[in-house]
Amino acid sequence: MATDLQFVTGLMMVVSVTWGMLALPRLRQRLPKIYLIARSWWLMLAALCLCYVIAKVTDNSQSSQPHTYPYQWLLIAFFILIGLRGCYEIKRLWCLRNKAVLIEKLQARGLQPKILPFSQTSSHSTQAYTRLNLLDLIFSSAFITLIVSLIALQQLIWQREQYGVLFFVLFASQFNDIAQYLCGRLLGHKLFKRGLAPTISPNKSIEGALFGSMLAAILATLLGIWLTPFNWWICLLAAYGLAVSGIAGDLLESAFKRQHGVKDTGTMLAGHGGVLDRVDSLLIGVPLFTLFYWLLG
């Protein structure tokens, strides 16, 4: 079995076992939010891995060309669906009525305080739209660029038959989210009194960003050595670049949400928020990686 398929199989087994353990009544009652996060992770990874496996292992036996994968459109469709959902979440925040409905839904689920000092919410009796500013345009452009980059990266990977690169890029960014959270909880504000960006994301600490990005880079480098044809130092540089750019993308989305007075961009992914909340760490890193991968390939 190819290394990428080994990774997919092992990943789904680990996530399934974790979700199953958290589904036990005692653990689910004690850790309800962690259970929801694990469930959402399983659903997201199952959709991604299913599309990937079908696209990878289904050969066009009738084609005279080897390594022809007629079902790779499934991955493209998967990324397009993410893009459409993300664009819907952006548009919903631009419409005052729809944004008010979203905030009410978040408040009903205890995901947002009743009063936010930065809220610009008005009564949902109006269909008026907010006036777009520079931050709205930057964030929207970054998200659209991300979706285009994911599709372009998938096509480049298929052409070069370096399939593990896709998982390396995605999980280098996701490792960063987890590592930042853990390092922030353990070391936050012990070395530096001020936060990383207190006016944008008060909960983010410098310690979490600094040590979390290092830890994520090390873990992603080990994954890259296994999944990709790159040398270890290329994996390390790419992993650290994805980690640092992931922090920048996270702050960009936090600024976008703060401007619109919401804590999450949606409730689609229990424990995570909306699609935009899940892909924020990819906003800057994936387009940059795709560009360098195309130029240096």
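Reckoned from all heavy atoms, side chains included, excluding hydrogens, waters and symmetry mates.
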Self-check item: Interatomic distance, L156 atom CG to L166 atom CG [nearest 0.5 angstrom]
Solution: 11.5 Å
Practice problem: Report yes if some heavy atom in the side chain of F78 is under 4.5 Å from a heavy atom in the side chain of L48; otherwise report no. | Solution: yes
Quiz prompt | Summary of salt bridge (Lys or Arg N to Asp or Glu O under 4.0 Å) pairs that have at least one residue in residues 270-290, sequence neighbours excluded | solution = D177-R278, K257-D277
Quiz prompt | All pairs passing salt bridge (Lys or Arg N to Asp or Glu O under 4.0 Å) where residues 197-224 contributes a residue, at least two apart | solution = K204-D250
Quiz prompt | Residues forming a side chain to side chain donor-acceptor pair (under 3.5 Å) with Q154, sequence neighbours excluded | solution = Q72
Quiz item: Donor-acceptor pair, N98 side chain versus R92 backbone, under 3.5 Å?
Solution: no
Practice problem: Search all heavy atoms of L283 against all heavy atoms of F143 and return the closest pair with its distance. | Solution: CD2-CA, 3.7 Å
Exercise. Kindly determine whether I103 and K263 satisfy side-chain contact (heavy atoms from CB on, under 4.5 Å), including the steps that lead there.
Key: CA-CA 9 Å; I103 291 178; K263 297 287 287 183; over 6 Å; no
Quiz prompt | Residue list, side-chain contact (heavy atoms from CB on, under 4.5 Å) with L74, at least two apart or on another chain | solution = C51, I54, Y71
Quiz item: If you group Ile, Leu, Val, Met, Phe, Trp and Tyr by side-chain heavy-atom gaps below 4.5 Å, do L242 and L237 land in one group?
Solution: yes
Practice problem: Output the distance between atom CG (D136) and atom OG (S141), rounded to the nearest 0.5 Å. | Solution: 10.5 Å
Quiz item: Hey, what do you get for CG (L93) to CG (L276), rounding to the nearest 0.5 Å?
Solution: 8.0 Å
Quiz item: What are the two closest non-hydrogen atoms of G224 and C235, and how far apart are they?
Solution: C-SG, 3.6 Å
Quiz item: If Ile, Leu, Val, Met, Phe, Trp and Tyr residues are connected whenever their side-chain heavy atoms lie under 4.5 Å apart, and connections chain through other members, are L27 and V17 in the same group?
Solution: no
Self-check item: Pairs meeting criterion side-chain hydrogen bond (donor to acceptor under 3.5 Å, both in side chains) with involvement of residues 39-52, two or more places apart
Solution: D4-Y52, S16-W42
Quiz item: For L187 and F211, which heavy atoms make the closest approach, and how far apart are they?
Solution: CD1-CD1, 3.8 Å
Practice problem: Quick one: closest heavy-atom pair of L269 and G274, and the distance? | Solution: CD1-O, 4.0 Å
Exercise. Determine whether T265 and E253 make a side-chain contact, defined as any pair of heavy atoms from C-beta on separated by less than 4.5 Å.
Key: yes
Quiz prompt | CD-CD distance between Q159 and E161, expressed to the nearest 0.5 angstrom | solution = 10.5 Å
Quiz item: Same cluster or not: are F292 and V148 linked, directly or through other Ile, Leu, Val, Met, Phe, Trp or Tyr residues, by side-chain heavy atoms under 4.5 angstrom apart?
Solution: no
Quiz prompt | same_hphob_cluster(W19, M13) at 4.5 Å side-chain heavy-atom cutoff | solution = no
Quiz item: Roughly how far, to the nearest 0.5 Å, is CG of L150 from OG1 of T290?
Solution: 7.0 Å
Quiz prompt | Set of residues satisfying side chain to side chain donor-acceptor pair (under 3.5 Å) with respect to Q162, sequence neighbours excluded | solution = Y293
Exercise. Can you see which heavy atom on A255 is nearest to which on I200, and at what distance?
Key: N-CG2, 3.5 Å
Exercise. List in chain and number order the residues that pass side chain to side chain donor-acceptor pair (under 3.5 Å) with K105, two or more places apart in sequence or in another chain; answer none if no residue qualifies.
Key: none
Quiz prompt | Set of side-chain contact (heavy atoms from CB on, under 4.5 Å) partners for A239, sequence neighbours left out | solution = F168, A217, A220, T221
Quiz item: How many angstroms lie between atom CG of L50 and atom CE of M12, to the nearest 0.5 angstrom?
Solution: 9.0 Å
Practice problem: Using the ring-ring contact (aromatic ring centres under 6.0 Å, His included) rule, collect all pairs that involve residues 220-258, keeping only residues at least two apart or in two chains. | Solution: F139-F256, F256-H260
Quiz item: Per the side-chain contact (heavy atoms from CB on, under 4.5 Å) rule, which among I247, L215, L210 passes with Q180?
Solution: I247
Quiz prompt | Sequence neighbours excluded, every pair satisfying salt bridge (Lys or Arg N to Asp or Glu O under 4.0 Å) that has a member inside residues 17-34 | solution = none
Self-check item: Verdict with reasoning, V8 to K56, per side-chain contact (heavy atoms from CB on, under 4.5 Å)
Solution: CA-CA 12 Å; V8 168; K56 175 70 188 297; over 6 Å; no
Exercise. Tell me whether I178 is reachable from L43 by hopping between hydrophobic residues (I, L, V, M, F, W, Y) whose side-chain heavy atoms are closer than 4.5 Å.
Key: no
Quiz item: Is there side-chain contact between S173 and F289, with at least one heavy-atom pair below 4.5 Å?
Solution: no
Quiz prompt | Nearest heavy atoms of T3 and L227, plus distance in Å | solution = O-CD2, 3.7 Å
Quiz prompt | side-chain contact (heavy atoms from CB on, under 4.5 Å) partners for I151, two or more places apart | solution = I76, F79, I80, I147
Quiz item: Listed by chain and number, what are the side chain to side chain donor-acceptor pair (under 3.5 Å) partners of Y88, not counting sequence neighbours?
Solution: none
